[in-house]
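Here the structure is a predicted model, which is why all the values come from computation and not from measurement.
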Amino acid sequence: MTEAPAKGGPRVNDQIEAAQVRLIDARGEMLGVLSLYQALAIADEAGLDLVEISPNAEPPVCKVLDFGKYKYELQKKENEARKKQKVIEIKEIKMRPGIDDHDYDVKMRAMQRFIAEGDKVKITLRFRGREMVHQDLGAKVLERVRADMGETIKVEQTPKMEGRQMTMVIAPR
């Protein structure tokens, strides 16, 4: 068995190495197993290319078609698939343990918008100086975030300390 060419696409016309091929004509009808020479003659007669569709089959399956149009259709399918993908980003919100109510509300609105867009949110609480002694205040702030977001989120990473900061990751449910 021969492998597909290194350049990435299917073999076309003279690149096909098999002596015998199973041929499908331009209308999609199976013509059976023919020699490569006969298959190339049929493709040339139709004014189209002979493209190796399934190189690992025994004998390889080839189809008579317009290779330029075939490549264009494949590229269109790939672009369409790429459009439908949603890349999940991790957005970061930074807070302090002694955050005031209005500042907290502003941060909450931002988090709700990120969650609605389908992104994950990493909440980082930074402790400075003596605040390190009162880590329980930071835990209360993160617990308040979890309670205020309600059933719209799931906690992917529970609050944990990393040096001078406490982090929690939430994602849309």
Side-chain angles (χ1 to χ4, degrees), residues 1-95 105-124 142 145-160 162 167-173:
M1 271 193 241
T2 57
E3 295 298 316
K7 70 178 182 180
R11 292 189 185 98
V12 183
N13 297 333
D14 298 331
Q15 297 172 347
I16 301 171
E17 298 168 350
Q20 300 268 313
V21 295
R22 187 174 305 276
L23 186 66
I24 300 170
D25 72 358
R27 292 185 305 271
E29 295 175 17
M30 178 71 72
L31 298 182
V33 178
L34 303 172
S35 71
L36 179 61
Y37 177 75
Q38 289 173 314
L40 284 169
I42 290 171
D44 192 43
E45 192 177 300
L48 299 169
D49 300 304
L50 184 66
V51 180
E52 192 175 46
I53 300 297
S54 180
N56 296 331
E58 197 54 52
V61 178
C62 294
K63 191 170 184 177
V64 177
L65 48 81
D66 181 353
F67 187 62
K69 188 175 180 181
Y70 175 72
K71 275 179 29 180
Y72 173 73
E73 292 294 329
L74 278 180
Q75 192 171 5
K76 258 177 60 173
K77 282 181 189 173
E78 285 176 11
N79 288 343
E80 198 63 36
R82 202 174 295 127
K83 272 185 203 172
K84 291 180 181 161
Q85 286 181 343
K86 166 73 172 113
V87 178
I88 296 176
E89 292 182 37
I90 296 184
K91 306 284 189 172
E92 186 171 18
I93 298 282
K94 294 185 178 181
M95 296 182 177
D105 294 339
V106 170
K107 302 278 188 184
M108 282 302 294
R109 280 198 298 275
M111 277 188 259
Q112 287 165 343
R113 191 177 71 242
F114 295 151
I115 293 291
E117 290 171 3
D119 295 323
K120 294 181 182 182
V121 180
K122 178 180 181 181
I123 304 146
T124 305
L142 291 179
V145 168
R146 183 187 304 177
D148 289 351
M149 292 299 276
E151 293 297 311
T152 59
I153 58 136
K154 64 178 178 237
V155 177
E156 284 207 344
Q157 181 187 14
T158 56
K160 70 174 191 181
E162 295 172 358
T167 59
M168 178 172 82
V169 178
I170 59 175
R173 197 173 281 274

Please tabulate, one pair per line, all N/O donor-acceptor pairs under 3.5 Å involving side-chain atoms of residues 112-122, not counting sequence neighbours.
{"from": "Asp119", "atom 1": "OD1", "to": "Lys86", "atom 2": "NZ", "distance (Å)": "3.3"}
{"from": "Asp119", "atom 1": "OD1", "to": "Glu89", "atom 2": "N", "distance (Å)": "3.3"}
{"from": "Lys120", "atom 1": "NZ", "to": "Glu156", "atom 2": "OE1", "distance (Å)": "3.0"}

Exercise. Is the number of heavy atoms from other residues, nucleotides or ligands within 6.0 Å of CD (Glu162) greater than 12?
Worked result: yes
Of the non-hydrogen atoms in [X] and [Y], which two are nearest, and what is the gap between them?
X      : Y      : value
Glu92  : Thr124 : OE2-OG1, 2.6 Å
Glu17  : Arg11  : OE1-NH2, 4.2 Å
Met168 : Gln157 : CG-O, 3.2 Å

With rounding to the nearest 0.5 Å, note down the distance linking [atom1] in [X] to [atom2] in [Y].
X      : Y      : atom1 : atom2 : answer
Lys83  : Glu80  : NZ    : CD    : 5.0 Å
Met108 : Met149 : CE    : CE    : 5.0 Å
Asp105 : Asp148 : CG    : CG    : 8.5 Å
Leu48  : Ile42  : CG    : CD1   : 12.0 Å
Leu40  : Asp49  : CG    : CG    : 10.0 Å

Exercise. Which is it for Met111 and Ile153 under the side-chain contact (heavy atoms from CB on, under 4.5 Å) test, yes or no, and what are the steps along the way?
Worked result: CA-CA 10 Å; Met111 277 188 259; Ile153 58 136; over 6 Å; no
Exercise. Are side-chain heavy atoms of Leu23 and Leu50 found at a separation under 4.5 Å?
Worked result: yes
Exercise. Considering only heavy atoms from C-beta outward, does the side chain of Lys160 approach that of Thr167 to under 4.5 Å?
Worked result: yes
Listed pairs under 3.5 Å, donor-acceptor, residues 59-68 side chains, sequence neighbours left out:
{"from": "Asp66", "atom 1": "OD1", "to": "Gly68", "atom 2": "N", "distance (Å)": "3.3"}

Exercise. Is there a donor-acceptor contact under 3.5 Å from the side chain of Gln15 to the main chain of Val12?
Worked result: yes
Counting only pairs under 3.5 Å, give me each side-chain donor-acceptor contact of residues 25-37, with atom names and distances, residues two or more places apart or in other chains.
{"from": "Asp25", "atom 1": "OD1", "to": "Arg27", "atom 2": "N", "distance (Å)": "3.1"}
{"from": "Asp25", "atom 1": "OD1", "to": "Gly28", "atom 2": "N", "distance (Å)": "3.1"}
{"from": "Asp25", "atom 1": "OD1", "to": "Glu29", "atom 2": "N", "distance (Å)": "2.8"}
{"from": "Asp25", "atom 1": "OD2", "to": "Arg27", "atom 2": "NH2", "distance (Å)": "3.3"}
{"from": "Ser35", "atom 1": "OG", "to": "Gln38", "atom 2": "N", "distance (Å)": "3.2"}
{"from": "Ser35", "atom 1": "OG", "to": "Gln38", "atom 2": "OE1", "distance (Å)": "3.3"}

